[in-house]
Q: 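Sharing a structure, written as structure tokens. Questions coming.
Letters A, B, ... mirror the listed sequences (proteins, then strands); counts begin at 1. All heavy atoms count here, side chains included; hydrogens, waters and symmetry mates do not.
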There are 2 protein chains.
Amino acid sequence: MASLLPDFPPGPLDFYRKKASFDWKKMKIFVESEEVVRFLNYASDVFQTLPDFQTDDHSPTLDQQRHKTFKQVVALTQTDFNEKTGKAKTVAAAVRTCIHIAPSAFAKFGINRHYFRDILQNQGTDRHRKFLEDAKNYRINGCFCLTEIGHGSDTKSMRTTATYDKETGEFVMDTPDFEAAKCWASGLGKTATHAIVFAQLVLDDVFYGLHCFVVPIRDARTLLPYPGLVIGDMGEKVGLQGIDNGFVMFNKYRIPRENLLNKYVDVTVDGEYKTSFKSVQEVMQMTFAALSKGRVNIATLAEGYGARAITIAVRYAAVRRQFGPDEDTEIPILEYQSHQYRLFPYLAAIYIVRLFTMYLIDIIDKLEIEQDKRSFSDLITEIHVLSTASKSIAGWLFRDAIQECREACGGHGYLKVSGIGDTRANHDANCTYEGDSHVIIQQTSNWLIKLWPKIEKGTKIETPLQSANFLSDAFDILKHQFHATNVQELCKPENIVDAHQWLVCYLLKETKSKVESLKQTRGSFWVKNDTQVFFAKSLSTAFIQHFFLQRMLTVINEATDVSIKNVLLKLFSLYGLWSLEKFLSTLYEGGYMQGPQGSRLVHEAILSLCGDIKNDAVALVDAVAPPDFALNSVLGASDGQVYQRLQTAMFSVPNGMSRPSWWQEVVNWKSSKI
Amino acid sequence: MASLLPDFPPGPLDFYRKKASFDWKKMKIFVESEEVVRFLNYASDVFQTLPDFQTDDHSPTLDQQRHKTFKQVVALTQTDFNEKTGKAKTVAAAVRTCIHIAPSAFAKFGINRHYFRDILQNQGTDRHRKFLEDAKNYRINGCFCLTEIGHGSDTKSMRTTATYDKETGEFVMDTPDFEAAKCWASGLGKTATHAIVFAQLVLDDVFYGLHCFVVPIRDARTLLPYPGLVIGDMGEKVGLQGIDNGFVMFNKYRIPRENLLNKYVDVTVDGEYKTSFKSVQEVMQMTFAALSKGRVNIATLAEGYGARAITIAVRYAAVRRQFGPDEDTEIPILEYQSHQYRLFPYLAAIYIVRLFTMYLIDIIDKLEIEQDKRSFSDLITEIHVLSTASKSIAGWLFRDAIQECREACGGHGYLKVSGIGDTRANHDANCTYEGDSHVIIQQTSNWLIKLWPKIEKGTKIETPLQSANFLSDAFDILKHQFHATNVQELCKPENIVDAHQWLVCYLLKETKSKVESLKQTRGSFWVKNDTQVFFAKSLSTAFIQHFFLQRMLTVINEATDVSIKNVLLKLFSLYGLWSLEKFLSTLYEGGYMQGPQGSRLVHEAILSLCGDIKNDAVALVDAVAPPDFALNSVLGASDGQVYQRLQTAMFSVPNGMSRPSWWQEVVNWKSSKI
């Protein structure tokens with residue numbers, strides 16, 4: 001194991017590392033598996049040596065960032081990195097590694113590889129094999145055009161059209177105005193030669209809804225756009241500057257009939273619409289089901305970004321000493337209860353979400369093999385439900401984690417070299433792309449609400465992944481009450497799970513009855529809108545938090561090492577109670593809690609768990625932290641040499657210690673005029 | 001009035017502007033005063049024409065940003081902008097205007113003008129007049145050195161020393177190591193010639209604590225650092241890139257004895273320590289009292305940044321149409337309840353915090369005239385208490401507001417041209433500088449806890465600004481219970497105020513008893529640390545929220561226009577209930593609420609108020625929005641031409657529609673090798 005995981009260099013962090021109650025190496029292998037650790041070591045070796053993956057001394061221009069990212073993508077395709085990511089667990093680890101080292105490259109690479117190729121594969125037929133082959137050999141570069149300037153989540157309202165012209169046997173792609181321009185497509189700005197385009201299919205003036213086309217947009221020999229297209233780069237963003245997100249407008253742009261991806265639907269030479277599906281909606285469901293995987297990846301990305309921030313904040317807090325019980329002693333700020341409360345629940349979140357995403361990616365991986373057979377099955381639906389909820393909740397959870405870490409690092413956290421600012425800027429996109437989180441999280445509550453009639457009928461609820469099975473006992477669960485009388489009792493997994501199950505049942509019942517009462521006076525559209533705040537959204541949140549906890553318990557029960565099991569149980573309880581704390585008023589509202597006891601015990605338990613975890617925090621971080629070169633933070637390096645690294649960073653600021661070239665303007669200020 | 005405030009250009013925003021229940025111009029003048037509106041008009045004219053205040057087409061390099069910011073500072077000193085900001089109200093408006101147009105320049109300018117000069121003025125004597133004169137004429141540029149690499153809030157532990165040398169009659173400034181280097185000083189990186197330095201005064205090996213010295217650091221004719229100093233620029237940050245934050249290390253660096261600021265303390269030629277104060281701590285209190293003003297300004301900054309974000313998000317939401325009750329109609333996303341809930345409480349927060357900061361700045365302005373006489377008075381203490389709490393709470397409040405607005409703008413909010421990303425990055429610093437918010441907010445709870453014995457004794461509590469007077473009736477208030485039976489009743493100001501007063505009393509009582517119980521077993525240092533989470537911090541929060549509400553009610557009662565009064569009352573109720581919602585579990589814990597009614601009514605009231613405010617939201621934004629050129633956002637401009645502006649922005653991305661210079665690498669990808 002020592003060979004697999006070398007010790008960290010000695011330094012200020014030893015103070016806490018020595019106090020740890022468990023072996024961080026055993027923990028890492030337990031969480032990630034030996035296979036993954038080997039992969040991570042391999043990846044570190046590869047990336048540390050590749051020239052295009054080193055940090056820039058000067059901050060690069062936008063074009064330089066785009067160029068570097070492209071070179072990183074090329075490098076990714078030329079290492080055996082990709083082949084090594086066979087098994088699902090490794091995929092999750094690979095995703096994290098990529099976003100630590102090259103977040104923009106990861107997105108460009110992923111879109112090209114998965115979205116473009118997978119859709120050709122899943123929606124296309126033999127006649128599209130050529131595109132697939134060329135994409136695999138990088139003779140062509142793909143991008144994925146769904147979003148329009150005026151419409152994102154609202155796919156039905158998208159206005160790019162593909163009208164079939166019987167005379168020529170071609171589809172005429174057209175963008176009525178800039179609001180209908182396809183946009184945000186990664187790679188479209190500079191490097192893509194082909195696009196998967198979702199457009200409204202029009203046959204003899206009849207609209208058939210969104211369909212998938214493969215569209216050549218740039219000449220693969222010159223990278224110049226084809227006539228009839230206006231293609232551009234969207235410019236600077238908040239983060240992920242390496243991605244050349246672009247926009248495209250089609251001006252009566254013609255493509256062959258064969259470019260319609262026709263696995264599930266087709267248009268004959270005479271312009272007849274053929275499909276085996278009952279409705280166009282079904283076709284789209286099929287298509288969008290393919291996006292579920294992307295969403296689980298976002299939960300993985302979010303956790304990966306969160307792990308960066310929490311690593312930096314916890315290690316810095318373990319080194320940084322401020323104030324103390326007496327004049328002469330200063331204590332690490334990790335000793336402060338409020339600091340523990342700010343950071344440790346998010347540390348627990350890293351473990352709980354990482355275990356969840358590894359699990360779900362594994363399911364999806366297995367699923368893909370037999371996807372066709374199982375299409376539209378309950379399983380796909382449940383995966384969709386879990387991926388949308390986890391995408392939203394993990395996105396928000398780690399958004400808050402990163403911000404808390406940024407502030408927990410004080411002023412120095414505001415330095416670029418702390419690494420937190422870029423992490424926040426890059427993570428930020430996770431909250432809005434792949435379906436705005438506020439919109440897609442509704443998928444989860446909709447699914448649960450549909451289950452309610454069954455529950456009322458007393459039908460046993462059995463879903464493939466068992467995320468909702470407990471709802472079979474909803475009416476019993478709703479009779480439960482908070483009964484813990486002390487912290488120890490409250491921290492028991494069964495009590496934390498019980499409170500979450502009660503929450504889901506209560507919020508489901510409340511949401512459903514709110515829906516019913518609104519139905520009397522309002523249409524279904526407004527009923528849905530007016531049941532989100534305090535109802536459906538809280539329901540989806542409680543539901544996915546419960547499933548996170550359920551998954552973690554399953555893993556904890558697999559732990560054979562007692563010290564590992566114990567600390568994971570503490571993380572479980574801390575995360576569970578912290579999640580519960582956000583729902584305290586609901587627990588009171590619904591009568592699960594009464595009187596001061598419940599709220600006080602929850603608070604007391606959270607703080608005592610924070611205290612318990614304190615001495616393990618650094619080791620817990622060590623087991624999930626990115627390698628130093630990937631973390632690339634002066635505050636978070638594994639040697640804890642914060643001040644030496646700060647000095648090196650500041651002393652090596654380009655021209656940092658020299659006069660500005662415009663020094664005379666300063667000197668002559670007194671006499672200067674406008 | 002039309003001449004004072006021209007109408008907005010017609011466009012998509014008219015839809016809601018026509019529905020407004022009040023006249024936004026009257027509102028603006030009521031909130032800001034005619035004097036301020038005239039000032040804002042003047043400022044707009046000035047800044048729109050000054051070359052150094054225009055936006056860059058390309059994103060500038062770090063040095064270019066530093067240079068531009070310096071030129072902006074020079075320009076600021078050369079307009080009569082400054083003279084025009086005589087009255088307090090105008091100061092607040094000027095602060096907002098500056099951070100809208102040039103946040104970095106504002107900070108550089110403010111530090112130089114206020115921190116450097118004010119401290120020379122307040123702590124110095126005749127022998128320092130020369131520095132003051134030179135600073136006023138910009139013959140020298142000042143900076144303010146307090147923070148060290150290793151210590152920020154913990155000023156006692158700062159390690160830069162100033163040792164008096166009797167032989168030469170000089171102070172020897174010394175920095176033992178990099179951890180003791182002074183840092184973060186604005187202007188120190190590139191442009192400052194002199195620094196106010198806080199150093200440990202040492203006389204005959206005796207430490208006298210932090211004292212203030214004025215230290216020449218760069219030759220004002222060459223801008224080259226003096227020998228014995230290591231001065232550098234701290235490099236890139238998360239935001240405010242125009243500020244040249246720097247660090248300095250003193251290597252046995254000698255300055256004349258006279259450079260000690262000796263208004264309150266002095267060191268004689270023979271090295272004797274002289275002061276009229278009882279303790280060195282008192283001297284420092286005096287010194288740091290001068291920082292209160294800075295803190296109030298931070299609440300003003302935070303609100304100013306928040307106003308940018310809320311303006312962008314509300315106007316974009318009023319224009320952007322997604323989904324609808326039927327196939328053919330799409331509705332503005334402002335119609336969605338969840339969108340209203342996400343934005344409107346923050347819109348209310350803009351009004352409530354703006355009114356508060358204008359009030360407090362006014363108090364401080366008047367105060368300064370007679371500061372000496374009143375030193376250490378209850379008034380200074382109360383201002384300090386209010387400024388620390390408002391700095392922390394406003395910082396966090398608008399941090400969340402900006403993030404919510406960023407997400408509420410969906411993907412396009414991630415574009416740099418949306419303007420939200422930079423706003424977030426610049427605001428971010430407000431949470432950690434001028435005293436980390438988690439640390440300084442303790443000042444408020446400490447003050448309240450000290451009042452408790454008086455309250456128990458039944459002594460009448462009367463503080464100069466009456467922020468705590470209600471505590472005289474604490475024991476009566478604690479007997480109050482939630483009694484509203486419907487939304488209308490709940491929304492009444494007296495009920496919302498009552499709930500907040502109960503909260504403050506309850507949290508004060510709980511915190512105090514927690515303190516007492518911990519005292520049995522732990523030292524005072526640990527007692528304070530272990531009473532922050534769920535106790536002292538919540539207490540400070542509830543206290544300042546109550547004062548915000550109290551202040552707004554006072555202003556609302558001054559309103560003569562009924563339509564203005566009504567909409568302000570709605571904002572008051574929405575903000576108050578939204579603040580209460582965060583404390584619901586405490587209201588249950590303490591028995592103020594029982595059963596489901598309370599929580600349900602609060603939720604119902606918040607949502608119904610959101611609905612009430614919907615048609616006024618655009619007009620409410622119009623009354624507090626920065627002018628278009630200052631807002632500089634494609635999504636938030638006052639004409640609502642979102643899509644036209646997006647198109648212009650994207651079509652004018654530098655080289656956006658041309659091939660990258662490295663196009664051949666893309667074309668040759670298939671054959672490229674590492």
Q: Is it the backbone or the side chain of B/I231 that comes under 4.5 Å from a heavy atom of chain A, or both, or neither?
A: backbone

Q: So what's closer than 4.5 Å to chain A heavy atoms on B/V642: side chain, backbone, both or neither?
A: neither

Q: What residue in B/D219, B/D436, B/N245, B/L646 has the most heavy-atom pairs under 4.5 Å with chain A?
A: B/L646

Q: Counting heavy-atom pairs under 4.5 Å to chain B, which of A/L587, A/V533, A/D428 comes out on top?
A: A/D428

Q: Given side chains that start at C-beta, do those of B/V666 and B/R659 come closer than 4.5 Å, heavy atoms only?
A: no

Q: Can you tell which of B/E335, B/R424, B/Q340, B/R139 has the highest number of heavy-atom pairs within less than 4.5 Å of chain A?
A: B/R424

Q: Please classify the contact between B/A429 and chain A as side chain, backbone, both or neither, with a heavy-atom cut-off of under 4.5 Å.
A: both

Q: Does B/F70 have its ring centroid less than 6.0 Å away from the ring centroid of A/W662?
A: yes

Q: Is it the side chain or the backbone of A/E510 that comes within 4.5 Å of chain B heavy atoms, both, or neither?
A: side chain

Q: Is chain B contacted by the side chain of A/V653, its backbone, both, or neither, given a heavy-atom distance below 4.5 Å?
A: side chain

Q: Determine the option with the most heavy-atom pairs under 4.5 angstrom with chain A, choosing from B/M234, B/H438, B/R221.
A: B/H438

Q: Using a 4.5 angstrom heavy-atom cutoff, name the option from A/C183, A/G324, A/S524, A/G246 with the most pairs to chain B.
A: A/G324

Q: With respect to chain B, which residue among A/E327, A/R342, A/H339 yields the maximal number of heavy-atom pairs within a distance under 4.5 Å?
A: A/R342

Q: Any non-hydrogen side-chain atom of A/R66 less than 4.5 Å from a side-chain atom of A/T191?
A: no

Q: Between A/G411, A/G232, A/G591, A/G595, who has the most heavy-atom pairs with chain B when the cutoff is under 4.5 Å?
A: A/G411

Q: Which atoms of B/Y336 come close to chain A, meaning under 4.5 Å heavy atom to heavy atom: side chain ones, backbone ones, both, or neither?
A: side chain

Q: Measure B/E330 against the heavy atoms of chain A and call it side chain, backbone, both or neither at under 4.5 Å.
A: side chain

Q: Just to verify, what does B/Y341 make a side chain to side chain donor-acceptor pair (under 3.5 Å) with, not counting sequence neighbours?
A: B/E581

Q: Report which part of B/T222 has an atom under 4.5 Å of a heavy atom belonging to chain A: side chain, backbone, both, or neither.
A: both

Q: Contact part of B/R321 toward chain A, heavy-atom cut-off under 4.5 Å: side chain, backbone, both or neither?
A: backbone

Q: Are a donor atom and an acceptor atom from the side chains of B/Q532 and A/S338 found within less than 3.5 Å of each other?
A: no

Q: Relative to chain A, which segment of B/Q403 carries a heavy atom at a distance below 4.5 Å: side chain, backbone, both, or neither?
A: side chain

Q: Using a 4.5 angstrom heavy-atom cutoff, name the option from A/Y643, A/F534, A/W663, A/Y588 with the most pairs to chain B.
A: A/F534

Q: Select, from A/M657, A/Q664, A/K156, the one with the greatest count of heavy-atom pairs under 4.5 Å involving chain B.
A: A/M657

Q: Decide whether A/T432 and B/R406 meet the rule of one side-chain donor and one side-chain acceptor closer than 3.5 Å.
A: yes

Q: Looking at B/Q644, B/K537, B/K528, B/R600, which has the largest count of heavy-atom pairs under 4.5 Å with chain A?
A: B/R600

Q: Between A/Q322 and B/V439, is any pair of side-chain heavy atoms under 4.5 Å apart?
A: no

Q: Side chain from CB out, backbone as N, CA, C, O: work out which of these in B/I331 comes under 4.5 Å of a heavy atom of chain A, or both, or neither.
A: side chain

Q: Could you have a look at B/D422, B/D134, B/N141 and say which one has the most heavy-atom pairs with chain A under 4.5 angstrom?
A: B/N141

Q: In terms of heavy-atom pairs under 4.5 Å with chain A, which of B/F651, B/Y433, B/F583 leads?
A: B/F651

Q: Does the plane of the ring in A/W184 sit parallel, tilted or perpendicular to the ring in B/H412? Use 30° and 60° as the thresholds.
A: parallel

Q: With side chains defined as the heavy atoms from C-beta onward, is the minimum distance between B/S157 and A/F323 less than 4.5 Å?
A: no

Q: Less than 4.0 angstrom from a charged side-chain N to a carboxylate O is my criterion; do B/D52 and B/K71 meet it?
A: yes

Q: Does A/K582 have more than 12 heavy atoms from other residues, nucleotides or ligands lying within 6.0 Å of its NZ?
A: yes

Q: Got A/Y414 and B/L240 here, is their nearest side-chain heavy-atom distance under 4.5 Å?
A: yes

Q: So do the side chains of B/M593 and B/V602 get within less than 4.5 Å of each other, counting heavy atoms only?
A: yes

Q: Please tell me if the side chains of A/Y138 and A/V74 come closer than 4.5 Å, counting only heavy atoms from C-beta onward.
A: no

